Number of protein chains: 4
Amino acid sequence: MRKFTEEQHMFRDAYRRFLADDVAPRMDEFREAGIVDREIFKKAGDQGFLMIWPDEKYGGMGDDDFRYEQIIIEETTRAGCAEWYNTLHSRLVGPYFKNIGNEEQRERFLPKCVSGETILAVAMTEPGAGSDLSGMKTTATDNGDHWVLNGSKTYISNGINADVVIVAAKIAGVDDKHAMVLLIVERGMEGFERGQNLEKIGLHAQDTAELFFNNVKIPKENQLGTPGKGFIHLMEGLAEERLIAMVGYAASARRAFDVTREFVMERDVFGKKLSDMQNTQFKMAEMDSKIDMLQVYVDHCVEVHNQGGLNANIAAKGKMLGSEIEWEMADLGLQLHGGAGYMKEYEISRIFTDARMSRIYAGSSEIMRYIVGRDVFSQKYQSILE
Amino acid sequence: MRKFTEEQHMFRDAYRRFLADDVAPRMDEFREAGIVDREIFKKAGDQGFLMIWPDEKYGGMGDDDFRYEQIIIEETTRAGCAEWYNTLHSRLVGPYFKNIGNEEQRERFLPKCVSGETILAVAMTEPGAGSDLSGMKTTATDNGDHWVLNGSKTYISNGINADVVIVAAKIAGVDDKHAMVLLIVERGMEGFERGQNLEKIGLHAQDTAELFFNNVKIPKENQLGTPGKGFIHLMEGLAEERLIAMVGYAASARRAFDVTREFVMERDVFGKKLSDMQNTQFKMAEMDSKIDMLQVYVDHCVEVHNQGGLNANIAAKGKMLGSEIEWEMADLGLQLHGGAGYMKEYEISRIFTDARMSRIYAGSSEIMRYIVGRDVFSQKYQSILE
Amino acid sequence: MRKFTEEQHMFRDAYRRFLADDVAPRMDEFREAGIVDREIFKKAGDQGFLMIWPDEKYGGMGDDDFRYEQIIIEETTRAGCAEWYNTLHSRLVGPYFKNIGNEEQRERFLPKCVSGETILAVAMTEPGAGSDLSGMKTTATDNGDHWVLNGSKTYISNGINADVVIVAAKIAGVDDKHAMVLLIVERGMEGFERGQNLEKIGLHAQDTAELFFNNVKIPKENQLGTPGKGFIHLMEGLAEERLIAMVGYAASARRAFDVTREFVMERDVFGKKLSDMQNTQFKMAEMDSKIDMLQVYVDHCVEVHNQGGLNANIAAKGKMLGSEIEWEMADLGLQLHGGAGYMKEYEISRIFTDARMSRIYAGSSEIMRYIVGRDVFSQKYQSILE
Amino acid sequence: MRKFTEEQHMFRDAYRRFLADDVAPRMDEFREAGIVDREIFKKAGDQGFLMIWPDEKYGGMGDDDFRYEQIIIEETTRAGCAEWYNTLHSRLVGPYFKNIGNEEQRERFLPKCVSGETILAVAMTEPGAGSDLSGMKTTATDNGDHWVLNGSKTYISNGINADVVIVAAKIAGVDDKHAMVLLIVERGMEGFERGQNLEKIGLHAQDTAELFFNNVKIPKENQLGTPGKGFIHLMEGLAEERLIAMVGYAASARRAFDVTREFVMERDVFGKKLSDMQNTQFKMAEMDSKIDMLQVYVDHCVEVHNQGGLNANIAAKGKMLGSEIEWEMADLGLQLHGGAGYMKEYEISRIFTDARMSRIYAGSSEIMRYIVGRDVFSQKYQSILE
Ligand SMILES: Cc1cc2nc3c(=O)[nH]c(=O)nc-3n(C[C@H](O)[C@H](O)[C@H](O)COP(=O)(O)OP(=O)(O)OC[C@H]3O[C@@H](n4cnc5c(N)ncnc54)[C@H](O)[C@@H]3O)c2cc1C
Ligand SMILES: Cc1cc2nc3c(=O)[nH]c(=O)nc-3n(C[C@H](O)[C@H](O)[C@H](O)COP(=O)(O)OP(=O)(O)OC[C@H]3O[C@@H](n4cnc5c(N)ncnc54)[C@H](O)[C@@H]3O)c2cc1C
Ligand SMILES: Cc1cc2nc3c(=O)[nH]c(=O)nc-3n(C[C@H](O)[C@H](O)[C@H](O)COP(=O)(O)OP(=O)(O)OC[C@H]3O[C@@H](n4cnc5c(N)ncnc54)[C@H](O)[C@@H]3O)c2cc1C
Ligand SMILES: Cc1cc2nc3c(=O)[nH]c(=O)nc-3n(C[C@H](O)[C@H](O)[C@H](O)COP(=O)(O)OP(=O)(O)OC[C@H]3O[C@@H](n4cnc5c(N)ncnc54)[C@H](O)[C@@H]3O)c2cc1C
């Protein structure tokens with residue numbers, strides 16, 4: 001029923017094999033270390049799995065059909081490797097170069113991003129400002145041929161691994177809390193330090209860190225997009241960012257469903273299979289239904305996005321509901337595992353702790369409700385179907 | 001974004017006008033009377049709104065694209081006329097003639113069904129058997145050239161208005177609780193009586209009644225489909241029946257959303273509009289998202305059905321979630337109306353009491369969970385997407 | 001386990017008999033009429049069931065132990081007579097005379113209230129102002145020895161039956177939206193009109209009406225409490241008002257549980273009792289637990305109230321959760337009845353439609369959250385247990 | 001409002017100081033190690049905090065008022081030390097000696113349990129049998145003056161620290177799946193091995209392990225209670241076990257509420273405090289109400305238990321709802337912390353991961369529903385209030 005091309009099916013198979021061979025066997029090691037080995041990025045890059053969309057001249061396939069990324073996300077999740085969040089690199093940060101970078105920047109950065117030699121991150125959040133970016137305190141001072149960056153960022157994914165970080169900062173001296181500039185900060189720049197790899201309740205193989213900027217001199221060549229429009233640049237990526245999110249949540253929900261289904265069909269309780277209990281049946285039936293409904297919505301959004309029509313509201317709806325359905329399934333799955341669900345040894349326990357993040361980042365559920373609610377009561381409101 | 005043909009758009013407009021002119025103004029009168037005037041069926045028939053699918057030779061359009069019925073359901077709901085449940089006649093009962101009737105029967109019954117002179121009903125439920133039809137007690141005894149029908153049915157929609165009732169009965173003397181026959185019972189047959197129009201908490205314009213069969217002689221010409229296969233014949237219609245249901249629930253949920261949206265944007269509380277309150281915004285945002293997600297699923301099912309691929313499980317998922325989302329919206333809508341929501345004068349109060357039925361008939365939510373759950377744990381399980 | 005005195009047990013029995021003999025058999029008639037026969041109030045008064053608390057000199061028992069009213073509420077509900085909302089008369093409106101009335105007013109009104117000859121109502125809500133009473137438009141103009149009352153009220157319980165209505169009005173000419181006066185409006189006063197008995201989705205035996213005041217002359221003897229403090233007077237009754245509410249919701253939830261329990265233990269589905277299904281068991285177990293927890297809280301509040309310690313916040317919590325648990329049970333109960341649950345013939349259908357009001361009046365669930373939330377984030381916040 | 005004696009208030013203060021001085025500062029170290037230092041048990045024992053109930057001759061206070069344990073649980077939780085689950089030792093396992101041990105056993109074991117030199121555990125669960133203990137495979141063979149124990153147990157709390165483990169085993173050769181014997185297994189017995197300290201998603205300072213029994217010879221002096229009645233002995237402790245559970249969940253829910261309340265009153269979002277947002281207010285108001293209601297129920301159960309009247313059903317209701325309210329609060333608390341909630345640095349993240357266990361152990365929520373449901377539909381059903 002799903003609509004992928006023949007080429008995409010082959011791509012899926014190849015990527016699946018890559019994960020099985022090179023990534024899945026090492027995930028426990030990465031979890032222990034709190035970080036994925038850079039080597040994995042390079043291997044993925046070598047085989048053409050990192051950035052699909054860049055033009056061939058930068059080393060990509062030049063195809064920005066979102067279904068490629070959808071396949072990447074689905075398979076990474078299905079293989080239990082979702083903590084290796086390569087889509088952040090490939091389709092969440094990377095596209096900034098395409099959308100607002102200039103040709104020189106694209107040439108300078110994209111090839112190594114495609115090959116996996118350069119790892120990307122984006123840094124917006126600060127200790128005092130997350131949902132509300134206008135509260136950020138990091139500043140960039142215009143010094144003619146360079147900017148001077150001061151401040152700090154936190155909870156930055158790939159914070160340890162990243163070679164290149166796109167940093168949002170307020171333009172010093174401008175009296176407008178939305179006047180920001182995006183700057184490309186590179187590993188090794190003077191005054192750019194990283195904090196500890198933060199300890200989290202899940203996503204253990206993902207490195208998340210604080211970043212500190214102490215009078216970092218950023219040449220104007222590393223200014224991304226239009227100064228003053230940094231906030232708007234961030235907004236422009238929202239629809240796709242949320243689409244990435246919902247694709248992942250649907251995949252994760254389905255994975256949680258699958259491992260749980262298998263478990264309850266094996267587990268004996270009171271002389272029956274746990275799957276023979278009506279409670280198990282009714283709850284799993286409900287989740288199967290919700291996950292299917294979510295997936296149909298997600299696929300619809302992918303299609304609309306490929307046609308250029310996905311707006312940030314439609315995407316917010318899927319991001320919000322997706323993270324909530326994923327959560328419901330993760331929680332149910334753990335519950336149906338009984339004590340085993342609480343043990344790290346079981347995949348469901350990881351799906352559960354990882355899933356807890358989905359309702360918070362990429363715009364928390366409250367922010368999604370805020371955004372959709374604002375739209376609902378605006379004059380120009382129209383539902384997805386009109 | 002939705003996919004209707006130009007012709008269908010015109011059909012929608014025409015039907016909308018018909019409702020506005022001929023039906024909506026009389027709904028209160030019908031509610032008072034507990035029944036829709038037969039005249040309305042005839043008017044609808046005259047204008048080609050009753051049965052679209054029958055061949056032109058029977059008076060129909062000969063087009064069984066489900067989107068026509070979808071338009072009928074959506075518009076009837078939007079106009080606040082959903083208690084006139086003409087789809088029951090047109091696409092829930094009518095198709096039995098097409099699917100399991102013989103040519104003689106089609107010729108005898110369809111033209112007057114299309115014209116609205118004959119009103120249809122289907123009678124399965126009994127006081128002691130609803131979800132579990134195998135528990136029914138009504139029997140049909142084979143007497144050579146006719147059947148003799150004995151027993152009673154209850155909660156039959158169009159129970160008062162119906163001229164022709166398709167009745168399910170167990171074949172007397174056969175030791176198999178699923179061995180049933182479907183019989184066409186006609187107004188005026190001896191021994192066929194109707195009870196009172198039952199008093200319900202909602203759906204006030206819908207006539208719902210008990211039917212009694214006391215040695216009713218049914219000629220073999222009125223035997224529908226294959227004796228012994230009655231139960232299977234009923235099952236064959238399930239996917240479409242559930243599709244009809246979910247289309248209606250989505251429309252009703254959207255209607256509840258719309259009237260509530262309007263209300264809260266007008267209502268003043270504590271010096272603000274009720275729509276300025278974050279609680280109102282968050283809750284309405286959530287419902288807007290859920291209803292959109294439901295609608296995308298519904299439209300997907302319609303498309304799959306038009307291609308012949310809708311199975312009863314996929315449809316059960318939509319029936320179940322649809323009725324629950326409709327309910328959530330109806331309940332929220334009433335709540336946000338405050339005291340007004342409790343007054344019959346306000347449309348939301350009717351949507352609310354009507355919606356309470358959706359989780360029960362056409363297969364209760366428990367039965368839907370049962371069915372989907374059975375599928376989930378079967379060997380041949382596969383999700384909608386595979 | 002519950003703590004009632006011997007006397008109270010006897011009172012309970014006597015009142016239960018009264019309901020069984022005189023009220024329950026006539027409820028259907030009252031529902032049909034949309035109003036309870038005044039006769040019932042008189043009979044109750046005759047037997048000492050109307051107002052317990054007034055001093056013996058006014059005809060009462062002079063005992064303001066709240067458990068008497070608790071018994072009244074519990075038994076009225078258990079007998080299926082809750083639509084006869086005599087507590088509104090007895091303990092919601094009546095106490096205004098005690099708390100803010102003067103001796104002359106007590107002597108003039110209380111005896112007939114106790115005997116049931118005079119029926120009481122209180123009128124705060126207006127078409128444009130419910131939750132937020134400061135938005136009311138009804139005004140009282142001070143004319144020396146009388147007030148002149150203008151405006152209208154709506155959704156007034158006992159609106160048709162009431163002989164005496166306590167009306168809240170803004171004091172004309174005072175620039176303070178909380179400056180109100182409470183006035184005693186009596187049947188027959190010139191310019192005092194009543195609207196239709198409003199059509200509701202439930203509570204059919206309760207008369208609810210609009211009241212109109214057109215230059216009604218109210219002598220100063222009918223001024224209740226201190227002019228300007230009307231709003232505060234209303235607030236003073238809130239803790240008890242919410243206690244009344246929660247006692248009723250707990251009783252109604254338990255009643256819904258009981259009738260459902262009985263139904264599912266009788267009903268056959270798929271060759272078993274409906275009570276043999278795990279879904280039925282798990283859901284009913286959950287409700288039994290919630291209702292018990294609610295009841296323990298309610299009884300705790302009654303005890304605290306009898307000791308003079310119940311504050312409006314503690315009561316708001318019980319009012320809110322009580323109405324929600326009642327609702328959850330009513331909805332589940334209807335669902336488990338299947339089609340029968342939708343028929344007026346079954347008690348559960350009435351419990352369901354009646355219960356829908358509980359989350360709205362006496363302070364909607366949103367207002368309860370608002371109030372409790374304000375307390376939670378105040379400096380002086382302390383939980384019930386400290 | 002709560003009912004503790006003066007002595008108990010002093011006890012609370014003393015224990016609170018002990019935690020602050022000796023335990024809280026070391027919790028991070030214990031979490032890192034995955035186990036609490038045995039030293040802590042000894043220190044607690046020295047100060048009289050371990051076992052309160054044993055007679056003075058064994059070193060206890062000889063007071064089995066449950067409120068002492070309630071204080072222990074509440075304070076341990078409030079201090080963020082709940083992972084040190086000393087109540088398991090003191091009041092969950094210890095009482096087996098009192099209830100079914102003989103005098104010789106009490107004299108042999110209790111004094112060192114009271115002093116903290118001996119740490120206790122109880123082992124019922126096996127890889128293949130948790131909720132349904134009748135499925136256990138561990139066997140005890142009666143060899144005249146000793147039993148021979150074979151099998152394994154899993155998920156055993158204090159599994160590493162325990163010196164004495166009460167092990168449930170089936171009596172070999174008896175054809176009754178409920179015929180069990182309880183045996184006292186001591187550190188150092190030949191054939192008794194422990195597995196790894198299991199990795200869990202939370203409760204990091206709690207050691208949980210597998211235990212293996214390979215022909216362990218257990219002298220008859222270490223047989224606890226009556227052989228064959230082991231299962232019944234386990235059941236006898238259920239009411240108190242569930243009471244312990246619910247006291248802890250209520251305390252943990254309140255703790256989660258408190259830290260969240262503090263956080264949202266400090267956190268700035270969009271130019272306001274997070275506590276100024278209506279969503280925050282409504283949600284926290286709801287939780288405050290639910291936690292209060294839970295606490296009133298818990299205190300009620302403690303009182304009933306002290307009077308000897310707590311049955312296992314009443315306790316099951318509190319265990320079930322308690323764990324669910326705790327969970328709701330933990331999840332909300334994390335959510336309102338935003339990204340911080342996901343960081344181990346914040347207490348809420350620990351409350352969250354720890355709380356996930358509560359719905360599973362000590363009888364999962366499904367088992368509680370099963371038990372209560374069985375009661376609901378039994379002939380002798382009566383609610384808590386009758
Ligand atoms: C593992 C992880 C990885 C991350 N990766 C990155 C990254 O790579 N780059 C990056 O820039 N950031 C990253 N983040 C940060 C993430 O985007 C933020 O945590 C998120 O945006 C929320 O911001 P906050 O934590 O400051 O919470 P806050 O904004 O302080 O929110 C706290 C709570 O308040 C609620 N709230 C906020 N506003 C409102 C409102 N108006 N009404 C009602 N409620 C409201 C929120 O929903 C939330 O529940 C990451 C975070 C984590 C934990
Ligand atoms: C307004 C209205 C119109 C109707 N119109 C028609 C009509 O036109 N023709 C017609 O034939 N029928 C009609 N019905 C009947 C309707 O289809 C039935 O009410 C419905 O199928 C449920 O059957 P029941 O009422 O016998 O409930 P039951 O089958 O007795 O069910 C009672 C409860 O048990 C639950 N339950 C049942 N089985 C299980 C299980 N295995 N596990 C757990 N729970 C279970 C159900 O979900 C329900 O909650 C109508 C009903 C109404 C109220
Ligand atoms: C059957 C019945 C009997 C009644 N009896 C009486 C009576 O005897 N005497 C009398 O005076 N009144 C009576 N009432 C009126 C009742 O008290 C009001 O309906 C109730 O207070 C709600 O007011 P409203 O209807 O104006 O709704 P509104 O106040 O307009 O509220 C509409 C919605 O907005 C929500 N809302 C309001 N403020 C906020 C906020 N700040 N934030 C978020 N949401 C908010 C409400 O919760 C509600 O959902 C009765 C009503 C009914 C239906
Ligand atoms: C951290 C931790 C500490 C523990 N400490 C101890 C300890 O000290 N001593 C000890 O003996 N045990 C201990 N346990 C084990 C704990 O008691 C069990 O995990 C629990 O009883 C559940 O058993 P199970 O894990 O075998 O799950 P199962 O019994 O296999 O249950 C799996 C799922 O099936 C559900 N289920 C079971 N029966 C039914 C039914 N009839 N109908 C519907 N659903 C059903 C359950 O609710 C659960 O969701 C501990 C566990 C953990 C994780």
Side-chain angles (χ1 to χ4, degrees), chain B residues 31 125-135 154-156 177 196 198-204 208 267-272 274 277 279-280 283 327 331 334-346 348-350 352-354 356-361 364-367 369-370 373, chain C residues 31 125-135 154-156 177 196 198-204 208 267-272 274 277 279-280 283 327 331 334-346 348-350 352-354 356-361 364-367 369-370 373:
Chain B
R31 280 180 200 114
T125 307
E126 302 185 359
S131 303
D132 175 18
L133 289 180
S134 75
T154 196
Y155 307 146
I156 306 307
K177 63 183 180 169
Q196 298 284 312
L198 295 163
E199 282 199 79
K200 307 185 296 291
I201 67 175
L203 293 171
H204 292 301
T208 314
R267 183 76 183 168
D268 292 306
V269 286
F270 297 93
K272 293 185 186 177
L274 179 47
M277 298 295 173
N279 177 65
T280 309
K283 294 243 165 91
W327 179 248
D331 185 61
L334 189 154
Q335 183 68 20
L336 289 177
H337 277 70
Y342 202 66
M343 300 295 140
K344 288 205 180 168
E345 186 191 337
Y346 287 81
I348 192 68
S349 81
R350 284 199 307 272
F352 176 83
T353 44
D354 293 355
R356 188 59 190 87
M357 203 51 225
S358 310
R359 290 185 282 148
I360 294 176
Y361 61 10
S364 72
S365 288
E366 288 75 25
I367 296 301
R369 278 170 174 74
Y370 166 72
Chain C
R31 280 180 199 115
T125 308
E126 301 186 358
S131 304
D132 175 18
L133 290 180
S134 75
T154 195
Y155 307 146
I156 305 308
K177 64 183 181 170
Q196 299 282 313
L198 295 163
E199 282 200 78
K200 307 184 296 289
I201 68 175
L203 292 172
H204 292 301
T208 313
R267 183 78 184 167
D268 292 306
V269 286
F270 297 92
K272 294 186 185 175
L274 179 47
M277 299 295 173
N279 177 65
T280 309
K283 294 243 165 92
W327 179 246
D331 185 61
L334 189 153
Q335 183 68 21
L336 289 178
H337 276 70
Y342 202 66
M343 299 296 141
K344 288 205 180 168
E345 186 190 337
Y346 287 82
I348 193 68
S349 81
R350 285 199 305 272
F352 176 83
T353 44
D354 293 355
R356 188 59 189 87
M357 204 50 225
S358 310
R359 291 185 283 147
I360 295 177
Y361 62 9
S364 71
S365 288
E366 288 75 24
I367 296 302
R369 278 169 173 74
Y370 166 72

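First the proteins, then the strands, lettered A, B, ... as listed; each starts at 1. On a predicted model such as this, the values are computed, not experimentally measured, just so you know.
- Ranking B:G339, B:G271, B:P127 against chain C, the residue ahead of the rest is B:G339, based on heavy-atom pairs under 4.5 Å.
- If you measure heavy-atom distances from C:T280 to chain B, you find no contacts under 4.5 Å at all.
- Contact detail for B:Y155 and B:L198: the closest heavy-atom pair is CD2-CD1, 3.8 Å.
- Of the residues considered (B:D268, B:N279, B:L334), B:L334 shows the highest number of contacts with chain C, using heavy-atom pairs under 4.5 Å.
- B:D354 CG to B:K200 NZ: the interatomic distance, rounded to the nearest 0.5 Å, is 9.0 Å.
- For chain B, the nearby part of C:I367 is the side chain; its heavy atoms alone come within less than 4.5 Å.
- Across C:R350 and C:K344, no two heavy atoms sit closer than the pair NH1-O, 3.7 Å.
- In this structure, chain B has a heavy atom under 4.5 Å from the side chain of C:F352, while its backbone stays farther away.
- With a threshold of 4.5 angstrom between heavy atoms, C:A340 approaches chain B through its backbone and through its side chain.
- Most heavy-atom pairs under 4.5 Å with chain C, from the set B:G130, B:S364, B:G202: that is B:G202.
- Atom CD1 of C:I348 is separated from atom CE of C:M343 by 14.5 Å, given to the nearest 0.5 angstrom.
- For B:D331, the side-chain hydrogen bond (donor to acceptor under 3.5 Å, both in side chains) test picks out C:R356, C:R359, with sequence neighbours left out.
- Among all heavy-atom pairs drawn from C:I201 and B:S349, the shortest one is CG2-CB, 3.6 Å.
- Between chain B and the options C:G135, C:G338, C:S134, heavy-atom pairs under 4.5 Å are most frequent for C:G338.
- Both the backbone and the side chain of C:F270 come within contact range of chain B, with heavy atoms under 4.5 Å apart.
- Neither the backbone nor the side chain of B:L133 comes within contact range of chain C; no heavy atom of the residue lies under 4.5 Å from a heavy atom of that chain.
- Looking at residues two or more places apart in sequence or on another chain, you find no side-chain hydrogen bond (donor to acceptor under 3.5 Å, both in side chains) involving C:T125.
- With a threshold of 4.5 angstrom between heavy atoms, C:R267 approaches chain B through side-chain atoms but not through N, CA, C or O.
- Residue C:L203 touches chain B through both its backbone and its side chain, counting heavy-atom pairs closer than 4.5 Å.
- For the set C:I360, C:V269, C:T353, the entry with the most heavy-atom pairs within less than 4.5 Å of chain B is C:I360.
- Of the residues considered (B:R369, B:M277, B:H337, B:E199), B:E199 shows the highest number of contacts with chain C, using heavy-atom pairs under 4.5 Å.
- Both the backbone and the side chain of B:S365 come within less than 4.5 Å of a heavy atom of chain C.
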